[in-house]
Amino acid sequence: MRIVRTKNYEDMSKKAADIIASVILLKPNCVLGLATGSSPIGTYQNLVKKYEAKDLDFSQVRSVNLDEYKGLPRENEQSYYYFMHDNLFSKVNIKPENTHLPNGMEPDSQKACQEYDEVIKSMNGVDMQLLGLGHDGHIGFNEPNSEFDKSTHCVNLTEMTIEANKRFFASIDDVPRQAYTMGVGTIMAAKMVVMVVSGKDKAEILQKAFFGPVTPEVPASILQFHPNFVLVADEDALSLVK
Ligand code: GLP
């Protein structure tokens with residue numbers, strides 16, 4: 001595990017975007033595993049800036065996103081499809097047919113998950129997986145569990161996650177209770193994993209995940225075993241790390 005210590009959210013976002021840009025420069029047709037949430041928004045803004053400055057070309061880039069709420073249509077502003085279009089896809093020259101998210105509107109969970117695993121398989125692996133960190137240690141929507149889930153599956157979101165995500169919805173009742181998420185096995189199979197973490201509210205879980213025992217109760221902790229894991233975190237998030 002390598003830690004890139006940054007001053008603040010802006011600095012974190014810039015450095016994470018620099019790392020991702022280098023992946024694209026080295027392999028123009030790379031497969032990017034992408035994430036949602038507030039942590040990677042600044043990273044996407046910096047990638048858009050590089051594209052606008054003609055320093056980055058997404059024309060051959062392919063992407064697979066980590067997760068999607070079950071039951072939210074694409075046009076719902078809180079769907080991850082909408083988020084990705086709003087924050088990145090509509091602002092760079094990535095081809096729409098090269099972007100992939102689980103189909104949240106497929107009511108048959110088994111079918112949705114199987115189809116998504118086939119999409120991931122057809123890409124021959126993820127070159128760089130971007131991640132945020134949930135307050136309970138979740139990655140994607142892999143919530144604390146008694147075991148690590150390998151492939152794409154349907155999850156029941158924990159109360160903590162529903163509570164954390166309610167800020168984006170009109171009321172807590174509007175937060176979907178289920179989501180489709182890439183499994184921990186797929187995340188671990190990525191050639192490189194980059195996690196962005198910012199803020200004092202993430203300090204405790206960051207310390208637990210990367211300096212505590214590896215356990216499915218803290219899903220992110222498994223990244224301690226990843227051979228090419230880069231944690232890009234700001235001083236506040238790293239404040240409990242000695
Ligand atoms: C959501 C997403 C995760 C994300 C997490 C943290 O639950 N499914 O992929 O990492 O929230 O979000 P934030 O970055 O807003 O703290």
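Residue numbers run from 1 in the order of the sequence given.
The minimum heavy-atom distance between Leu206 and Ala237, with the atom names listed, is CD1-O, 3.7 Å. When all heavy atoms are compared, the tightest approach of Ser39 to Val196 is CB-O, 3.8 Å. Looking at every heavy atom in both residues, Asn98 comes nearest to Val61 through CB-O, 3.5 Å. Closest approach of Ser198 and Met12 over heavy atoms only: CB-SD, 3.7 Å. In plain terms, the two heavy atoms of Ala170 and Asp174 that are nearest each other are CB-OD2, 3.4 Å. What you find for Phe229 and Leu223 is that their closest heavy atoms are CD2-O, 3.7 Å.
Under the 3.5 Å distance criterion, the side-chain polar atoms of Asn46 are matched with a main-chain donor or acceptor of Gly42. Put simply, the side chain of Ser90 gets close to the backbone of His85: a donor and an acceptor are under 3.5 Å apart. Of the possible polar contacts, none joining the Gln129 side chain to the Ile187 backbone as a donor-acceptor pair under 3.5 Å is found. Between the side chain of Ser221 and the main chain of Ala209, no donor-acceptor pair closer than 3.5 Å is present. Between the Arg5 side chain and the Ile3 main chain, no donor and acceptor come within less than 3.5 Å of each other. Put simply, the side chain of Lys95 never gets that close to the backbone of Gln60: no donor and acceptor are under 3.5 Å apart. Put simply, the side chain of Asp117 gets close to the backbone of Thr152: a donor and an acceptor are under 3.5 Å apart. Between the side chain of His138 and the backbone N or O of Leu157, no donor-acceptor pair lies under 3.5 Å. In terms of modelled atom types and a separation under 3.5 Å, the side chain of Glu68 and the main chain of Tyr81 share a donor-acceptor contact. With hydrogens and angles disregarded, a donor-acceptor distance shorter than 3.5 Å links the side chain of Asp57 to the backbone of Ser59.
Lys208 and Glu204 are not joined by a salt bridge, as no carboxylate oxygen comes within less than 4.0 angstrom of a charged side-chain nitrogen. Residues Lys14 and Asp18 are paired through a salt bridge, judged by an N-O separation under 4.0 Å between the basic side chain and the carboxylate. A salt bridge between Glu163 and Lys166 is present, with a side-chain N of the basic residue lying under 4.0 Å from a carboxylate O of the acidic one. Using a cut-off of 4.0 Å between Lys/Arg side-chain N and Asp/Glu carboxylate O, Lys27 and Asp127 are scored as salt-bridged.
Atom-to-atom distance recorded for Leu47:CG and Glu52:CD is 11.5 Å, nearest 0.5 angstrom. Summarising the geometry, atom CD belonging to Glu143 is positioned 10.5 Å from atom CD belonging to Glu159; distances are rounded to the nearest 0.5 Å. Summarising the geometry, atom CG belonging to Leu66 is positioned 9.5 Å from atom CG belonging to Leu101; distances are rounded to the nearest 0.5 Å. Rounded to the nearest 0.5 angstrom, Asn87 CG and Ile41 CD1 are separated by 5.0 Å. Here CD1 of Ile222 is found 4.0 Å from CZ of Phe148. Values are rounded to the nearest 0.5 Å. Rounding to the nearest 0.5 Å gives a distance of 5.0 Å between CD of Glu217 and OG1 of Thr215.
Hydrophobic clustering, with ILVMFWY side chains joined whenever heavy atoms are under 4.5 angstrom apart, keeps Leu131 apart from Phe83. Val31 and Leu88 are members of different hydrophobic clusters when ILVMFWY side chains are connected at heavy-atom separations under 4.5 Å. Leu240 and Leu231 end up in different hydrophobic clusters when Ile, Leu, Val, Met, Phe, Trp and Tyr side chains are linked at under 4.5 Å.
Side-chain contact between Val232 and Val230: present, with at least one pair of heavy atoms (C-beta onward) separated by less than 4.5 Å. Side-chain contact check for Tyr44 versus Leu130: some heavy-atom pair is nearer than 4.5 Å. Residues Val184 and Lys150 fail the side-chain proximity criterion, which asks for heavy atoms closer than 4.5 Å. Using a 4.5 Å cut-off on side-chain heavy atoms (C-beta onward), Phe210 and Val241 make no contact. Between Arg177 and Val175 the shortest side-chain heavy-atom distance falls below 4.5 Å. Side-chain contact between Val126 and Leu32 is absent, with no heavy atoms from C-beta onward closer than 4.5 Å. Under the 4.5 Å side-chain criterion, counting only non-hydrogen atoms from C-beta, Lys191 is not in contact with Asn228. Put simply, the side chain of Arg167 reaches to within 4.5 Å of the side chain of Ser38, judged on heavy atoms.
Under the side-chain contact (heavy atoms from CB on, under 4.5 Å) test applied with Met128, the options Ile24, Val193, Val194 reduce to a single match, Val194.
In the model, Thr181 has no side-chain atom that pairs as donor or acceptor with a side-chain atom of His153 under 3.5 Å. At a cut-off of 3.5 Å, with distance as the only test, a side-chain donor of Ser109 or Lys70 sits close to an acceptor on the other residue. With 3.5 Å as the limit, one finds no donor-acceptor pair spanning the side chains of Gln45 and Ser13. Side chains of Asp149 and Asn142: no donor on one and acceptor on the other come within 3.5 Å. A donor-acceptor pair shorter than 3.5 Å can be found between the side chains of His135 and Asp201.
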Next on the checklist: Run Thr99 and Met84 through side chain to side chain contact (heavy atoms under 4.5 Å, CB included) and show every step you take.
Outcome noted: CA-CA 9 Å; Thr99 66; Met84 287 311 302; over 6 Å; no
Next on the checklist: Between Cys113 and Tyr116, is the side chain to side chain contact (heavy atoms under 4.5 Å, CB included) condition met? List the steps.
Outcome noted: CA-CA 5 Å; Cys113 297; Tyr116 202 56; 5.8 Å; no
Next on the checklist: Walk me through whether Phe169 and Ile162 qualify under side chain to side chain contact (heavy atoms under 4.5 Å, CB included).
Outcome noted: CA-CA 10 Å; Phe169 292 85; Ile162 293 166; over 6 Å; no
Item to check | side chain to side chain donor-acceptor pair (under 3.5 Å) evaluation trace for Thr158 with Asp136 | outcome: CA-CA 9 Å; Thr158 63; Asp136 55 5; 3.1 Å; yes
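Using cut-offs of 30° and 60° on the angle between ring planes, the pair Tyr69 and Tyr80 is tilted.
The environment of CD in Glu97 is crowded: more than 12 heavy-atom neighbours from other residues, nucleotides or ligands sit within 6.0 Å.
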